[in-house]
Structure formats: C-alpha cells, structure tokens
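The figures that follow rest on heavy atoms only: side chains count, while hydrogens, waters and symmetry mates do not.
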Amino acid sequence: MPCDSIAKTSGGYGGGDENGSLRNFKLNESTFLASLMPKKEIGADRFIEAHPQYDGRGTIIAIFDSGVDPAASGLQVTSDGKPKVLDVIDCTGSGDIDTSKVVKADANGCIQGALGASLVVNSSWKNPSGEWHVGYKFLFELLTGTLTSRLKKERKKKWDEKNQEEIAKAVKHLDEFNQKHSNPEDADLKRVREDLQNTIDLLRKQADMYDDKGPIIDAVVWHDGEFWRAALDTRSLEDDSDCGKLANFVPLTNYRIERKYGVFSKLDACTFVLNVYSDGNILSIVTDSSPHGTHVAGIATAFHPKESLLNGVAPGAQLISCKIGDTRLGSMETGTGLTRALIAAVEHKCDLINMSYGEPTLLPDYGRFVDLVNEVVNKHRLIFVSSAGNSGPALSTVGAPGGTSSSIIGVGAYVSPAMAAGAHCVVEPPAEGLEYTWSSRGPTSDGDLGVSISAPGGAVAPVPTWTLQKRMLMNGTSMASPSACGGIALLISAMKAEGIPVSPYSVRKALENTSVPVGESPADKLSTGQGLMQVDRAHEYIKQSRNIPCVWYEIKVNQSGKTTPTSRGIYLRDASACKQPTEWTVQVQPKFHEGASNLEELVCFEECIEVHSTEKTVVRAPDYLLLTNNGRSFNIVVDPTKLSDGLHYYEVYGVDCKAPWRGPIFRIPVTITKPMKVKNQPPVVSFSGMSFLPGHIERRYIEVPLGATWVEATMRTSGFDTTRRFFVDTVQICPLQRPLKWESVVTFSSPTAKSFAFPIVGGQTMELAVAQFWSSGIGSHETTIVDFEIVFHGIAINKEEIILDGSEAPVRIDAEALLSSEKLAPAAILNKIRVPYRPVDAKLSTLTESRDKLPSGKQTLALTLTYKFKLEDGAAVKPQVPLLNNRIYDTKFESQFYMISDTNKRVYAMGDAYPKAAKLPKGEYNLRLYLRHDNVQYLEKMKQLVLFIERNLDGKEVIQLNFFSEPDGPVMGNGAFKSSVLVPGKKEAIYLGPPVKDKLPKNAPQGSILLGSISYGKLSFAGKEGERSPQKNPVSYQITYVVPPNKVDEDKGKSSSTNLKTVSERLEEEVRDAKIRVISSLKQDTDEERSEWKKLSASLKSEYPNYTPLLAKILEGLLSQSNVEDKIRHHEEVIDAANEVIDSIDQDEVAKFFLHKNDPEDEEAEKMKKKMETTRDQLAEALYQKGLALMEIESLKGETAETEGTKDLFEDNFKELQKWVDTKSSKYGTLLVLRERRRGRLGAALKALNEMIQDNGDPPKKKLYELKLSLLDEIGWDHSTTHEKEWMHVRFPPSLPLF
C-alpha cells in the first residue's frame, strides 16, 4: 500500500546545522513557500542555482504508484518546454474494457453499443475497415472511493428532487380523489384509492432503498488507418442529453503517441487517458486510484513557471506514470501491476524508478518482483528508489521492497524545522531536523541496514483535478522517496551533460558517502541510513570518481562453520548470541553490470582495500585485503560480552587504499541488541523516570523469559501540561516469520496511567520502543516523565496448534506455568468453516500483448482456474488459497486475482493476495482465479490448486468446546474441567473434547475444516467476557476440526413395501416413462426438429391419452421453443396444451385429498401425497402458463377481453389459479402483476412485483426486472427508469469483466 498519510499536523527534532537546523528563525513569504516543497534540506536548490541546466533535463522517471493526473498543476511541461508526462499506463488492468465485440454502422451512421444503445458515429472519423469495436464500463469502477462518494451525493440530491416531485404529484392525485370520493363504498373505487396510496408508498420506499451503482460509459474503438483510436459516450453523466454524445467526443489514441487526455464531466473533473491494446480488443481507461501518485510525481518533477519555489526537486525531468495501485482493490498494488510497470520502465528507457509503495515481508531480498528488479537494475541500469515504510519507531520495521532489497535505494523520512513551521504549521518549530517518528527503521532481519538515505518526508504538492484543489499536504516515506528520486534526477542530468556514464552502483555510492548524518549516535543510522542526502556533494563525488569502475559490492555473511543462513549483515539480537564472541565469514563479491567486458573491465579489476572497524574492541577484522573480480572472503570476530544492555551499532567497512577520498566502498552493518535479563520473581520489569521531549525515543531490550506468552504493561505519565501523544511499539523476530509487532498510539490529555496487554514469544528478545510523537507538545517546554512497568505471564502448553481429527477421541493438552502461579481457565470455540474446492476448469493461455512481454524477452502466461460453489443461505465469504495468500513481494509467483460472480455473470467480489470477506446472497457462484508467470511448469502444477471458501458461522452455529479432566469424559459425560491454579514446576493435563456431531453446522461436507481459537489464561484485570471467547484473552491459538464422513442413513437400503403390480405392468410403465424422457430431451431449434417433436407428441398423446405427466411435458416443450414467427399461433397452442393438462386432472379428487391429513408413518399415504402434490403443481403450472399466454395474445392483438357481454378468459383462469396457489408468491406472482396492470392499477402491480423480487431467493430473473422497467416507464417515473436501467446492467451484464 502507499507509504503516506495526508495532512496531519506534525513537527520535529534532530542534529547538526547541515541537516536543516534553523535556530530562532521566522518565516517570510518566500521561505514559507519554499518549506511547502522542501529542496534546501538536500541541497537541490543550491545545486540548481549553481547548475541551472542540470535541473533534471534529459532524465525520465517512472512513477510506480496510484497513477498520475497529467492535468494536475505543474505537470504539463518541463523547465525547458518539453512535455512533462510522456506516458500514462494502467498496469493493473483495473480500467480494462473488453472491446472484442465488432459492429458495423448502418446507413444512418449508427452503431449498436455493447449494451444495446444506439450510438451515432461522427462522419468525419476515418475508419477504412468499417469495423467498430464496442465495450462499456461503469464510471464508479474507474474512480476513487472519495470521488465516488462525492458524485453519489450530488446524484442522490438530483434524484431526490425528482422523486419528491413525483411524490408531490401522487399526493395531489390522492387528495383530489379523496375530495371527490370522501367515503367510497364501491369496491372498484376502493381499489383505485388503494392504488394511489401504493404509488405514494412506493416512491417513499424507493427513496429509502436507493443505491447508486453509477452511470455507464459506452466505449468505441477503431483503426483510422494509422493508429488505433477510441471515443466515449458519456451522456449518462450529464443532465443535458445533448452533452457527452459519442459523435462530439474528440477521439484519443494511446497517450504516448499524442499525449492527450480527456475529462469525464465538469461535475467529476476527473482526468482520464485512453490506451488501446490487443488489436483493438482491449481499451484501457486510465484514471488514478488515489491522489498519492500525482503528489509523488509533483514532489519529484513539478514545474511552475510563475512560482519556482513550488517546483518539484527536478523540474526539468520527464516522467511516465505506471499505475500499480488497483482501483478495484482500493489502490492496493498487485503482482500484475508491478511486473507490467517494470516492463514499461525498460521499454521507455527510463533512468529512474520511484515506488512509494510497500508491504511487510517474510524474507528480505527475496521474491519474484525482487528478481525482476535485480535484472532491471543490473542489466538495464535503472536506478530504483523506494520508500522504507511508515511502521516506526521500532527497529526492524522496514518494508518491502524499499527497505529490504539490495538493488533498491530505500529512503527514510526526515522533517526539518522549516518544514515543521511551514508545511505542518506548528506553533513553535523544533531547533533541529530529525526523522519522523513513524519512519520505518532497520536493520532487516538478515542484518542489512534497511534504510539507505533520508530525504524530506512531507510536502504540499500537486494533486489530481478531481480533488478540486491544486495541492495538499501529505507526509510519509512516500514523500521522502520522490524527494530523493528528484535529487538523483539532478545528478543524472549532470552526468549525461558531462558525459559521465550513469550507473545505479556509482550513484548510490555517491549518495551514501556524501550524506549528512542525522543524529549523534552511530545507531541513528538504523533510522536515517547514511544520513540526509546532499545533491551538490554527491555531484562532486561523481565527477571525481568518473573513471572508477561501476561496481556493486555484494556482501554475503555466514557464521563460521555454517553455510546457512546467508545474510547481508550481522544482527545479534538474542541473549544467547551475546554471551560469547562469534566468528563470521564475509564474502565480498564485486558485481559489474551485465554486458561488462571480460578483458577490459573484469580481468583488470583489482583493488587494495583497507578494512576498518568502527569499534575494534567489539568488532575485529583484518587490516587489508586484495579484491579481484572473483571476490574475496575474510573473517571477522564480534565480541559483545562486555557491552552494556541495549542497542549498539558498528560497521566494518572497506576503503580503497589508492583513493581513500571515495570513502567506504562496502559496509558490513553489525547491530547488537543486548537484552536485559529478567531476574525478579514474579517476572516484572520497570523503567522509571524516562524523560521525553518531542521526537525523543526510548528503546529497551528484554530477554523474554521462557514460558512467557503474554505481557501486561502499565504506562504512567507525569510532569506535563498540554496533551501528549506517544507511539508504543514492541517487536520480536522469529525465524522465517515476519517481525512480530504490537503497536499502540496513546494520547494523554493529562497525567494518568494506561494499561496494555499483548502476546509475546518466550525466549526471544523483545524491543520496547516508546516515542513521543515528533510534534506532540512542541509548543510546551515541559518534559514528560514516563514510568513503564511490564509483567510477564505465561502458560506453556505442549501443542500450540490443536487439530481435532473428526473422531470421538479428545486431545490431551499438557499445561504448566514456568514463571509464577497462573489461573488455568481454558476456553475454545469453533466459529469459522472452510470448505475445500478443486477447479472444474483450467485454461492456460499466452498473453501476447507487448505489456506482458518481460524485459528478458519471455512472454507471460496466464492460468485461469474456475471453481463452483453454492450457498444455501446468504453469508460473508472469503476465498483462501493457502499457498499464495498474504504475500506480494516475498513470493516466487508473479500474481493472483480472483472474481466471484453469480449465474447471471454479476460480479460480487474481487481480490488478490489479501482476500477480504464479501457478503453474498444465497445461490450458485463461480470463482475465477487468475494466476500469471512466465514458467509454464509452475502453472501446470497449479491446475488442481485447492481453494477454500471460508465463512463465519452464525451465532447459533458457533460451537463452544468442552474440557475434561479425564480421557473418557466426552463420551461418559463426566469429569468436566473448568479451571485450576497452575503452580510453577508442576504440569497439569486436560482433555479437549470434539464437538458433538449434532452441533456441526449444516452444509459442512466431509473434508471441510472448522476453525476457531483456544486460550488458556486470563488477564489479571479482565472481566468474565473472556471466559467463553478465547479472542478476548491475551493469547489465543488456532484450533482446527476436520469434518468426518456423514453418518450412514439408517433408512437407506431398507426395502419398500411389496409392489402389487405385475411385471408386465411395471414394464409398460417403464417404457412409457422412457418415451416421455425422450420427448423431453428433443431439441426444437429448427423447423424440422419442431415438426418431428410435434409428430412424436401427437403419437404419444394417442398412445397415452389423458396422462397428465406426458401432457405436462408437452406443455413444457412448447414453452421451450424460441424464435417462433407466428407468436399468436404459438400462444394459442400453449393455451390448448395447458387446457389438455387441466382437463386430464380430476380437480375434485385432488381437492378432497388435501382436505385430510395423512399419517407420516404410513408409507403408502406418503407416496400418494407426493403424487397428489405433483399433480397439483402440474395443474397450477398449466393454469399459470395459460394465463401468461392469454396476456401475450391480448398484448399482440392490442385488445382485452373485458368487453360487455364477453367472457373474460384471463380473469376466469386467474381465479381458478387462486384456488390452488398463492398468486403473490415468486413462482406465480408475475400473473398477479400482469392482472393488476391489465386493470390499470399500476401502483398495485409495481408493489406486487417488488415484493415478488424481494421474496425470490434464487438469482435475479431478468424477465422480472424487464417487467419492472416497463411498469416504471408506463407510470412515467423517468428518474426511476434511468436508475433501474443502470441496475439492469449490474445484475445482468453481457459478459464477465477482464482480469
């Protein structure tokens, strides 16, 4: 996700005049404006003043972000008049439209749009082929949530006005009726009055149920003989029907060709770009998924000719926008977006990439995206800059990819006094600059520094036009990264002008070796990297080292005698590692860019390196080494035994003996967090009298006692006046896990105490980081005093994850308290179910588009897996793919994306690596899972990938599990266990019983998994709420129950009562039923097939006269006929067939049967009941279909049978149907609606139809909604008709959307 936060009041502290110190200053207008877009802090203003031609000219930056608005302020041209934005690409596919449908224009120049609308083509548009590709898109699918909310409010306001007008009319009509008929006794008048009241009620109810899915855009694509072009019809966005017509649209081609864009409407003010792919079969409408990307681009490159102080860092640089934030996922990045963005950056020959996005990672410097980045950096020489993350202030919180990848420059966020005073508007700015409190810190879990450099992490920068403002304040490492990237663009501009080869290796070295330290302690490097970058100093360094080989020094570290794990630094975190010296083997491997000359570069490379240690009493290394192309290894010894408790940071670094001015050419970070040992019994740790000023951080490292599983902590504050805000973080690092982080932001309005509880892992070092927020209390000069007490609790168990295998056997759990006495009060519930599914279909395809061709030349492949599942009741479901979920960067698979749709192709949910629960109504669903990779073997292995559909159990379905003190307790029903007190040194065994089989939720097939949680202890200050809910307790573990096979049906296999029919009679019945099955299976698509069907029907009717099941099947066959030319004749045939069914049934016999109750134990009576129910249903269906046919004939002839002296066949038939069924039910309600409409009672008809739609539990039926549309149209509610038409395309789309 983006690494930023928007417009929060903030301030800061730090060290050194070089890093932005401003003592006793006061802003004026120019310094205020300059502070909004900070450049002085990194020396960018000095550099451009000295070298005005080196302002980024000649450089291209790829912005990997949420999308850039090319119409935003400052993003039109560069300082030298060139186009600022060279290309705008949606790499995610969120704006893709399927335009594979091709149509031709008629004689009037009209074409039919993808949804059936008639569109007039501009006669001046060139289209030699005459082929028009058509598609459509819902506008809200292209917009951010913020903009969508604004538009919905505006549209709702207009809709409400029209609805109120209709309500006023309806009330007036009712009032006029009441005045004319004050007390009507006539039944017809009563019905008229009821209808008028229904109309008012319907209008009011539809206002309450209003849900806006947004207007629909029609898209048209064609080839003009030179380029693919596209146009949009946006009339649905406009109040004036003459606005937004397709013919008035100025056609656009791919942005990179003509660099033109459009705006949907004046109301939304949203800029968009069009790109055509796949020979016109895909149109991409590119919009941004948040203001973030435009803001980032503005920081790096904005150019304001009339206000240079608001320029970005490199106003001369150009950029391409690579949207990686998927609008469908709320701007979350996807693997597809990341890969396509890298492809685009290489294709456009970019110099730089800025990526202000990131996520936590399991393994640093690992994964598919990292592999592709390494290729782009090492082979194509792009410089990749990325945000370090906003998860500070604790250590080891840097995110991927910026803070964890060797080939990426990770940037931390710095705030200067000027930024605090100007951009953040604090009352009293700090004396010196410092790192923002929330900026993520290193080291990585494998010891790398994590943060390379720092740059200003806040700015008031341009934002998209749809925000209805020019610029806004955002802060985050998202802002620091483009500030650094812009600074690097200045360097590249200078290097190109001065003929110096551009290499990410040499540029990074220059940045790191010329940065100004922030803070006085060596350990501050873990927060700020090598310091605050300085463009002018880096430029001088680059000029001086222009003849130095472009080499990156890869560092691999292993503990001596071990081959794994391999790390990039030394990170001694746990107590065991600090008890004795350790020896480490360091491999330094020079890496040249791909394509370097063997003879001229590799063979000749040789450097005499002087090796230094920043503290030789702790870290010892050899004095010298000779480094050649094949690398060199050496050993270092780390002795932490004499160190005090706490954080210590050192470096081993190498200096070129022949050019010591180069500074360190490689560094091996050594981070030691020596934990304090907890000696008290019971285990309590107190930190008293900690003093805090704004921005101050206190770190404590504690060896968590073995057996501890949770902490209860108390934080007491004193000695301050104004409100204070604190960040409280704890971090533990466990092998092959993401750092275990607990965090809390606590605000103290007055001196008081607050309590926390959180889980921990025994035996692992825990960092406690307490920080006063950098701008909190900045106007006050009082120090905040903090006392922090930590009490360790724990119940050790022999099994953390409990699996109940579906048998009746309980699971034994051994529990003990290792630290102090604890109350053992176990609680366990099962509250989720996961049902496994295999794909019913798997399709592997090659993606032939250029945007999916990797820089290596390999083409990406896609595997689409289709799963089917059914919900008996509405539920919130979450798809789970254990192999792929919750990993974006630390996975070797490229990407994943899923869509859930119903049988009407309506999409209810979309997701990727982080699936979210989506509420679905009951019904059948398809889930399509889309996987991408360039290796076909990987995808082949996934063709039978198991997917789980997870849902929460309803309140009544949640299963509370029971505990017992003896193994036979679950069966015998005795020995229930409630609680006891655990004494240190003594184990206690308890048994967890499986759920009672009768309590298992319905629709839990064999192989399903019930999930829940189990806990053993309670907080000392907790109430009773945790007794039955493990999640309320401090530590809970996962519990799993495997659903066993269903019990065998006892009645299955029992022989039925003796069949009294002879063999010949049974044979005759079987033959008859077989013939009926045959006629049911016959197709009637052609005239010849229909003729054969009629002959067979007539034959069977003569052979089995008055046999109701046969006659019902014949009626069914008639109804299935399509493309009938003589519709009146067809409906007459339906009426005749329905009459035959009706006449074949003894209605008196059926009626008499249902007057009497049957004995359910009487098998013969039950058989007769089923037979009679079938007969009744056949009768009702015949009456229903006859009524529909009568209505169709009336409609086709344009007349009704309600004339004087004429028998009303429809009404008579309807009354017959009322005798047998509820005509208001969803199955037969259509006839009631048509009856009310026929009688002119449109309000009653619409009310009945709405009730029928709501009661219908099946997927929506298109015919019902088409009937609703016709009723709305007939009533004359245009606003409701328009709204319902939009919903029709939501419920019944013509096709599924593209991935």
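- Side-chain contact check for S356 versus M479: every heavy-atom pair is 4.5 Å or farther apart.
- Counting only heavy atoms from C-beta outward, the side chains of C270 and T287 approach each other to under 4.5 Å.
- Side-chain contact check for Y898 versus Q896: every heavy-atom pair is 4.5 Å or farther apart.
- Here the side chains of I282 and L1298 are in contact, with some heavy-atom distance below 4.5 Å.
- Contact of the I63 side chain with the I61 side chain is registered, since non-hydrogen atoms from C-beta on lie closer than 4.5 Å.
- N378 and H593 share no side-chain donor-acceptor pair at under 3.5 Å.
- Side-chain atoms of S66 and Y357, non-hydrogen and from C-beta on, do get closer than 4.5 Å to each other.
- The closest side-chain donor-acceptor pair between S545 and R662, if any, does not fall under 3.5 angstrom.
- Judged by distance alone, the side chains of T271 and D69 do bring a donor and an acceptor atom under 3.5 Å apart.
- F384 and F64 have perpendicular rings, their planes meeting at more than 60° on a 0 to 90° scale where under 30° would count as parallel.
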### Task
Run the numbers on R932 and D852 for salt bridge (Lys or Arg N to Asp or Glu O under 4.0 Å), then give the verdict.
CA-CA 10 Å; R932 290 165 47 106; D852 292 314; 3.0 Å; yes
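- In the model, R57 has no side-chain atom that pairs as donor or acceptor with a side-chain atom of T78 under 3.5 Å.
- Side chains of N390 and T477: a donor on one and an acceptor on the other come within 3.5 Å.
- Ring-plane geometry between H133 and W228 is classed as perpendicular, the angle between the planes exceeding 60 degrees on a 0 to 90 degree scale with a lower cut at 30.
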### Task
Check the pair C350 / I320 against side-chain contact (heavy atoms from CB on, under 4.5 Å), numbers first and verdict last.
CA-CA 8 Å; C350 293; I320 67 166; 3.6 Å; yes
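- No side-chain heavy atom of N275 sits under 4.5 Å from any side-chain heavy atom of D90.
- In the model, S331 has no side-chain atom that pairs as donor or acceptor with a side-chain atom of H292 under 3.5 Å.
- With T404 as the fixed residue, the side chain to side chain contact (heavy atoms under 4.5 Å, CB included) test singles out one of V398, L363, D890, D365: V398.
- A 4.5 Å side-chain heavy-atom check between R368 and L372 finds at least one atom pair inside the cut-off.
- Cation-pi geometry between K496 and Y54 is not met: the NZ or CZ atom fails to fall both under 6.0 Å from the ring centre and inside 45° of the normal.
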